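The next block holds one structure in the form of structure tokens; read it before the comments.
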Amino acid sequence: MSENIPKLRAALEGMPAYKPGKRDAAGGPVSYKLSSNENPYPPLPGVLEAVGEAAGAMNRYPDMACSGLLDELALRFDVPVERLATGTGSVGVAQQLLQATSGPGDEVIYAWRSFEAYPIITQISGATPVQVPLTPDEEHDLDAMADAITERTRLIFVCNPNNPTGVAIPAADLERFLDRVPRDVLVVLDEAYREFVRDERVVDGLEVYRDRPNVCVLRTFSKAYGLAGLRVGFAVAHEPVAAALRKTAVPFGVSQLAQDAAVASLRSEDALLERVEALVGERSRVADELRAQGWTVPPTEANFVWLRLGERTDDFAMACERAGVVVRPFAGEGARVSIGEVEANDLFLRAAEVFRKTM
Ligand SMILES: Cc1ncc(COP(=O)(O)O)c(C=O)c1O
């Protein structure tokens, strides 16, 4: 029989599947999705109009170079267009970076637990994942990550703030780590949640990458900008890396709807900042109230909180679901809960309070 089955790459065997955040609470009277770190707000002003116009031309391929979006990004972030590259979400850009740098025999380092796509896209590339456990305080163990570098290391992901723990890396620690990384190893600063960072000790990757040709920054329109459904992200990288990203991109991968929505979102900065500020306010409220209930909540700079629940994780997720909120459990480890609408956060806090009393 086996000769009738197409030969598939051995690298795919035993590969973890990406587990998306569950969409709905089963059967409850209400259901809020706090499982995917999405933005609870509707699209920013001007976005629906831009998408509507682009939709009328969907018989045409999109602008493959994403030139309108690149021009807008160059203006907004004060970087030359040659240092920008786009992709189908920042996870798409991350996959392009792996294709550009890593293959069988190479090693890719990242903290663990971190963004669950890292092991998947690393294994797809054929490279070997090297996972470095977080410290007991849920921080990146940057010394251990630097110690893990070998002559086979090609790429290092630094998730800042980290998904799912929310903890961010102080500038001094990051700089010290980067000083230890050989210049021919690419460091990817994954800043999917950058807009939510308020701790002034956490440096913006766009300041760090400038003097370091082996550092690039990943950003996304999926979180603060609220365009998760349209799949568009970008990298800021020195020219050789940005050029490699253009080579490894899926042709026409970023739809015209996504490109035009991203441009319109960038032009709605005031509304964006207002919404992000409201979410940051809710984040403080949720974290403070959880701590008052007796929970240990790591300091979060992202749009979610992390509760290390160990063996109680799945019970907790079920209790939240019964209360009408879907959270993201990582079995045996903990639950990540996105900051959502005020009503959703309230429902979650009530469920957490009741559950806490059972512990
Ligand atoms: C750390 C991190 N990076 C990247 C992404 C990917 O986002 P997208 O592909 O939607 O841009 C996510 C999404 O959850 C994330 O948490």
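Both counts, for ligands and for their atoms, begin at 1 and track the order of listing. Please read all numbers here as calculations on a predicted model, not as lab measurements.
The single protein non-hydrogen atom nearest to atom 13 (C) of ligand 1 is K223 NZ, 3.2 Å, given as residue, atom name and distance. At the top of the distance list for atom 7 (O) of ligand 1, counting protein heavy atoms only, stands S90 OG, 3.3 Å. The protein heavy atom nearest to atom 9 (O) of ligand 1 is R231 NH2, 2.7 Å. Among all non-hydrogen protein atoms, the one lying nearest atom 12 (C) of ligand 1 is F115 CZ, 3.4 Å.
Below 3.5 Å of separation, one finds no N or O of T88 facing any N or O of ligand 1. Annotation: S36 places no N or O atom under 3.5 Å from an N or O atom of ligand 1; distance criterion only. When only interatomic distances are considered, the shortest N/O to N/O separation between S222 and ligand 1 falls below 3.5 Å. Considering both main-chain and side-chain atoms, V91 comes within under 3.5 Å of ligand 1 through a nitrogen or oxygen pair.
The closest approach between any non-hydrogen atom of A228 and ligand 1 is not below 4.0 Å. At least one heavy atom of D190 sits closer than 4.0 Å to an atom of ligand 1. For F221, the closest heavy-atom approach to ligand 1 does not fall below 4.0 Å.
At distances below 3.5 Å, at least one donor-acceptor pair connects side-chain atoms of Q259 with backbone N or O atoms of V254.
With ligand atoms numbered from 1 in the order given, ligand 1 contributes 1 (C), 13 (C), 14 (O), 15 (C), 16 (O) to contacts under 4.0 Å with heavy atoms of Y193.
Under 4.0 angstrom from ligand 1, the non-hydrogen atoms of C159 all belong to its side chain.
When all heavy atoms of T220 and V232 are compared, the pair lying nearest together is OG1-O, 3.8 Å. Between L230 and A258, the shortest heavy-atom distance links the atoms O-CB, 3.4 Å.
Ionic pairing of E38 and K33 is present here: one or more N-O contacts between side-chain nitrogen and carboxylate oxygen are shorter than 4.0 angstrom.
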Should R291 and D288 be marked as a salt bridge (Lys or Arg N to Asp or Glu O under 4.0 Å) after you check the CA-CA gap, both sets of side-chain angles, and the distance that decides it? CA-CA 5 Å; R291 289 186 189 114; D288 289 349; 3.7 Å; yes

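A cation-pi arrangement is absent between R194 and F196 under the rule of less than 6.0 angstrom and at most 45 degrees off the ring axis.
Between W295 and F316, the ring centre distance stays below 6.0 Å. Not less than 6.0 angstrom separates the ring centroid of F115 from the ring centroid of Y110.
Atom CD of E274 has 12 or fewer neighbouring heavy atoms from other residues, nucleotides or ligands inside a 6.0 Å radius.
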